[in-house]
Amino acid sequence: MKKWFWIAFILIIAGIGIFLYATTPEKYTINDSMTDIEAVMEERLETPIEIREHVKSGDRLFVLFETDKTLGMGEFSQGKNGKYAVEVIGHGSKPIRQSIIETNEGLYLMIAGKNENKLARMDAKIEHLNYDISIDANKPYFLTLTPINGTQRAEATSLSFYDENGKAIDLKY
């Protein structure tokens, strides 16, 4: 009786291991290197890109890139095997990109863009809460993740932009 129990137990554990091995690698195949991530994005977009900024938060990696003078964003999720899978890649004419994203570490407001106007600070309003976000005015690009309280919104309600002297800058986003 004990012998059959152990045989069944080993077969169940082996089955679980084979299932996890068989399902995880199919999706999560991109090595944890910016060179590999850039190559995957170039292959998907069928055009050369230059990675400008990247930020990792928990199980997610966010990449700001430029191609043909348009900005784009890539989002990757990290699997149990330490490799990444593409969640979304896109680019367009917007100078500022923003969205509310969730990682295994919490909810964040992600704002990224080209800093042509020497932005130093942004005010983001989400529902009835305000978030003050500082950025380096001397860097040509920015990618920020700001922890936020729970919301059902996909983007900030409004954004305001300021230079180093506190002067408001009118930007379309």
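Computed from a prediction, not measured in an experiment: that's the story for all the values here. These numbers come from the heavy atoms of this one structure, side chains and all, not from hydrogens, waters or symmetry mates. When a residue number appears, it is its place in the shown sequence, counting from 1.
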What donor-acceptor contacts under 3.5 angstrom involve side-chain atoms of residues 95-102, with partners at least two apart or in another chain?
unit_1: R97; atom_1: NE; unit_2: L71; atom_2: O; d: 3.3
unit_1: R97; atom_1: NH2; unit_2: L71; atom_2: O; d: 2.9
unit_1: Q98; atom_1: OE1; unit_2: A156; atom_2: N; d: 2.9

Could you pull out every donor-acceptor pair under 3.5 Å between side chains of residues 160-169 and any protein atom, sequence neighbours left out?
unit_1: D163; atom_1: OD1; unit_2: N165; atom_2: N; d: 2.9
unit_1: D163; atom_1: OD1; unit_2: G166; atom_2: N; d: 3.1
unit_1: D163; atom_1: OD1; unit_2: K167; atom_2: N; d: 2.9

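With sequence neighbours excluded, the residues satisfying side-chain contact (heavy atoms from CB on, under 4.5 Å) with T70 are T67, H91. In this structure S134 satisfies the side-chain contact (heavy atoms from CB on, under 4.5 Å) test with no other residue, sequence neighbours excluded. For E87, the salt bridge (charged side-chain N to carboxylate O under 4.0 Å, His left out) partners are K27, R60, not counting sequence neighbours. Partners of D132 according to the salt bridge (charged side-chain N to carboxylate O under 4.0 Å, His left out) rule, which considers only residues two or more places apart in sequence or in another chain, are R121. Remark: Q78 pairs with K56 by the side-chain hydrogen bond (donor to acceptor under 3.5 Å, both in side chains) rule, at least two apart or across chains. Residues meeting the side-chain contact (heavy atoms from CB on, under 4.5 Å) test with N104, sequence neighbours left out: D59. For K118, the salt bridge (charged side-chain N to carboxylate O under 4.0 Å, His left out) criterion is met by no residue, not counting sequence neighbours.
Listed by first and then second residue, the salt bridge (charged side-chain N to carboxylate O under 4.0 Å, His left out) pairs that reach into residues 33-46 come to none, sequence neighbours excluded.
Annotation for K94: atom NZ does not count as buried by contact number, only 12 or fewer foreign heavy atoms lying within 6.0 Å.
V88 belongs to no multi-residue hydrophobic cluster, having no ILVMFWY side-chain contact under 4.5 Å with any other such residue.
No side-chain heavy atom of Y28 sits under 4.5 Å from any side-chain heavy atom of I30.
For the pair N115 (side chain) and N138 (backbone), a donor-acceptor distance under 3.5 Å is absent.
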